[in-house]
Amino acid sequence: MKSKLTVLMVTAFIDMVGLLMLMPILPFYAKEMGGGGFIVGLLVSSFAVAQLISAPMWGRFSDRHGRRPALLIGLTASAIAYVIFAFSTSLWLLFLSRLVQGAGGGTVGVIQAYVADTLEPDQRARGLGWLSAATNAGVALGPVLGSAASGIGRAAPGLFAAALCLINIIFAAKYLDESRDMTDAKARKPAPGRTHAAVRHVLASSGEPASRLIWIYAIAMGAFSGVTALLTLFMAARFDLTPKTIGFVFMYLGIISVLTRAIVLGPAVDRFGEARLSRFGSALLALGIALLPFTRKLADPAAFIAHHPMIPVHLLGLIPYLPLAIPIALIPLGTAFTFPCVTSMLSRVVPAHERGLYMGVQQTFGGTARVIFPIALGLAFDWVIAVPFLISATLVAATILLGVGLERTMKMPATAPTAEL
């Protein structure tokens with residue numbers, strides 16, 4: 001179990017390094033080609049559209065044929081997307097790279113199902129937290145590498161990310177074993193239209209535990225994705241950051257996320273339980289997003305140090321960005337507590353033979369939110385810079401109500417939410 005989780009963590013880490021090498025500099029590339037907040041939102045949403053379409057397919061494919069082949073195919077799609085990005089000279093090529101990458105990104109649910117297959121129910125939140133820590137280590141490292149590569153040449157970040165992806169494919173093919181006994185899975189005939197039926201069930205039965213968890217995940221993920229998509233434009237407007245400096249903001253965000261998921265999440269789950277901790281995470285995420293639009297660059301760092309003599313002078317270059325420290329820190333803290341706990345709870349309230357299906361459905365709803373939020377928030381950003389952040393914070397705060405009472409659900413055995421489908 002530990003060896004499988006370790007290989008998954010390494011695979012997820014390398015995959016995220018490649019993804020985050022490009023994500024922070026994508027808005028700058030779009031802006032060079034004439035795009036604004038709305039176009040950036042569309043670019044982010046194009047990834048989500050492809051992921052939305054592919055996620056249920058990957059869930060069914062992995063239930064039927066195994067997690068390993070689904071993951072390798074998805075990684076291959078990402079490598080192709082990075083090459084397209086490297087040679088993009090127009091907005092339509094940027095859109096194409098995002099669509100191809102999104103199709104491969106539909107394997108997120110597959111990786112989560114892989115972890116759920118490998119670990120016992122009471123260890124899944126911890127395991128998903130370790131997996132998230134690995135991906136967020138990639139969030140910390142990827143932007144810095146992307147910023148450094150952008151200084152070499154315009155195509156360098158994409159080509160470097162593609163090379164990393166090829167290494168990842170070779171590593172996963174060599175060391176990642178299948179997580180399931182596929183004999184019974186291949187003998188099982190999938191019922192036609194199961195994914196559509198499961199989606200309809202979530203929509204029609206929003207009060208059931210599985211449905212509530214999927215809605216919490218979708219709303220929080222949509223808000224987080226929309227805010228992240230606009231973060232680069234916000235930093236450029238308020239703090240004068242460039243493609244060569246934006247990576248350090250994402251590195252700060254990633255480091256906090258890694259430390260939280262690797263060190264704090266496990267003990268916190270043991271002490272408070274998944275349900276309570278997920279609500280606390282939603283509150284932190286909402287607060288961090290709400291504070292962002294009220295931050296501004298400090299105009300006179302020397303005067304600030306004069307009033308705060310305990311601060312070393314050699315930190316003078318960081319002082320203008322000090323107002324970002326708390327809001328940016330609260331966002332990864334919130335996601336670190338929310339997403340692993342919600343996904344772990346979902347894996348426990350659905351039966352094992354439908355775990356891949358419902359992980360895929362969760363990604364379908366999350367993908368829908370990642371389509372809607374960046375576009376809507378991008379339009380709002382072009383109108384008034386603070387509005388998208390306040391809208392997102394309000395919606396995330398509302399998900400806390402959806403999580404009330406889930407503690408009782410965790411004490412009951414998993415039932416088949418699609419039995420009537």
Side-chain angles (χ1 to χ4, degrees), residues 41 44-59 102 105-113 116 128 132 195-230 274-275 278-279 281-286 289 331 334-350 354-378 388-389 391-404 406 409 417-418:
V44 173
S45 293
S46 63
F47 175 92
V49 167
Q51 193 176 57
L52 170 64
I53 295 171
S54 66
M57 177 192 72
W58 288 125
T107 56
V108 172
V110 174
I111 294 178
Q112 292 172 343
L128 288 166
S132 297
T195 299
H196 295 104
V199 169
R200 289 195 302 269
H201 186 82
V202 172
L203 292 171
S205 307
S206 296
E208 293 187 0
S211 300
R212 289 163 61 189
L213 289 165
I214 289 172
W215 279 115
I216 292 169
Y217 179 91
I219 294 171
M221 181 59 75
F224 173 69
S225 299
V227 167
T228 304
L230 297 173
E274 295 165 343
S278 69
R279 294 196 295 271
S282 296
L284 290 178
L285 177 59
I289 294 173
I331 291 174
T335 57
F337 293 144
T338 301
F339 295 133
C341 289
V342 168
T343 301
S344 175
M345 286 189 287
L346 179 62
S347 75
R348 295 172 66 176
V349 300
V350 297
E354 290 190 326
R355 192 171 291 142
L357 171 67
Y358 266 81
M359 293 295 185
V361 170
Q362 177 180 260
Q363 293 306 313
T364 297
F365 276 76
T368 302
R370 286 193 294 269
V371 171
I372 296 171
F373 275 75
I375 295 175
L377 297 183
F389 301 99
I391 292 173
S392 297
T394 301
L395 291 173
V396 171
T399 66
I400 297 172
L401 298 176
L402 286 174
V404 174
L406 285 173
T409 302
T418 57

For the backbone of S278 and the side chain of S282, can you confirm whether one donor and one acceptor N or O come within less than 3.5 Å of each other?
yes
Excluding sequence neighbours, so at least two apart, what forms side chain to side chain donor-acceptor pair (under 3.5 Å) with T335?
R261
How far does CD of E208 sit from CD1 of I214, to the nearest 0.5 angstrom?
10.5 Å
Please evaluate residues I216 and L406 with respect to the criterion side-chain contact (heavy atoms from CB on, under 4.5 Å), reporting the C-alpha separation (whole Å), side-chain torsions for both, the decisive distance (0.1 Å), and the verdict.
CA-CA 12 Å; I216 292 169; L406 285 173; 4.3 Å; yes
Where S392 and A223 come nearest, the two heavy atoms and their spacing:
CB-CB, 3.8 Å
Any R370 side-chain heavy atom under 4.5 Å of V44 side chain:
no
Closest heavy-atom contact between P374 and A369?
CD-O, 3.8 Å
Grab the two heavy atoms, one from V396 and one from A220, that are nearest each other, plus how far apart they are.
CG2-CA, 4.3 Å
Do Y217 and F339 have their ring centres less than 6.0 Å from each other?
yes
I'd like to know if the side chain of S225 and the backbone of G222 have a donor-acceptor N/O pair within less than 3.5 Å.
no
Do R279 side-chain atoms and L402 backbone N/O form a donor-acceptor pair below 3.5 Å?
no
All heavy atoms of R212 vs all of G403, minimum pair found to be NH2-C, 3.9 Å
In this structure, CG of L346 is separated from CZ of R348 (nearest 0.5 Å) by 11.5 Å
Over all atoms of both residues, closest heavy-atom pair of W215 and L203:
CZ2-CD2, 3.7 Å
Is there a side-chain contact between F373 and I391 (heavy atoms, below 4.5 Å)?
no
Report the C-alpha distance between T338 and F224 in whole Å, list the side-chain angles of each, state the deciding distance to 0.1 Å, and finish with yes or no for side-chain contact (heavy atoms from CB on, under 4.5 Å).
CA-CA 11 Å; T338 301; F224 173 69; over 6 Å; no
Measure across V227 and L377 and return the closest heavy-atom pair with its distance rounded to 0.1 Å.
N-CD1, 4.1 Å
